[in-house]
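Each remark here refers to the structure printed beneath this line.
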Amino acid sequence: MREVHREELGERWCFNCRKRRNFAYTVMAEVQPSYYEPTPAVKCDGCGTSDGDLFPGRERVWE
């Protein structure tokens, strides 16, 4: 998989790093033709955690 889209969201609190970090909206997709759809995520630039800006126990739902 590789990153096909990236959009900076600015600084937010990362619950994994326990610091304010820059976050980015990223979309990952297969390089080769695939049955799977692209995967969106909000990732921390510090630790790379997906959805690290959400309070523990919460989850982001993509429509």
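What you see below is based on every heavy atom in this structure, not just the backbone, and it leaves out hydrogens, waters and symmetry mates.
Minimum interatomic distance between P38 and P40 (heavy atoms only, all atoms of both residues): O-CD, 3.5 Å. The two atoms that bring D53 and R12 nearest to each other are OD2-NH1, 2.6 Å, heavy atoms only.
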Step-by-step salt bridge (charged side-chain N to carboxylate O under 4.0 Å, His left out) determination, D51 to K43
CA-CA 6 Å; D51 296 335; K43 292 191 175 185; over 6 Å; no
Could you walk me through whether V27 and T39 pass the side chain to side chain contact (heavy atoms under 4.5 Å, CB included) test, one step at a time?
CA-CA 5 Å; V27 178; T39 307; over 6 Å; no
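Dense packing is recorded around CZ of R6, with more than 12 heavy atoms of other residues, nucleotides or ligands lying under 6.0 Å away. Shown here is E37, whose CD atom has no more than 12 heavy atoms of other residues, nucleotides or ligands within 6.0 Å.
Here the side chains of L54 and R60 are in contact, with some heavy-atom distance below 4.5 Å.
Follow the hydrophobic side-chain contacts under 4.5 Å out from L9 and you reach W62 in the same cluster. Note on M28 and Y36: separate hydrophobic clusters, where clusters join Ile, Leu, Val, Met, Phe, Trp and Tyr whose side-chain heavy atoms are under 4.5 Å apart, directly or indirectly.
Below 30°, between 30° and 60°, or above 60°: for H5 and Y25 the angle between ring planes is above 60°, a perpendicular geometry.
Here the OG-CZ distance, from S50 to F23, works out to 9.5 Å after rounding to the nearest 0.5 Å. Rounding to the nearest 0.5 Å places OG of S34 at 8.0 Å from CE of M1. Rounding to the nearest 0.5 Å places NZ of K19 at 10.5 Å from SG of C14.
In this structure, R21 does not pair ionically with D45, as no charged nitrogen and carboxylate oxygen lie closer than 4.0 Å.
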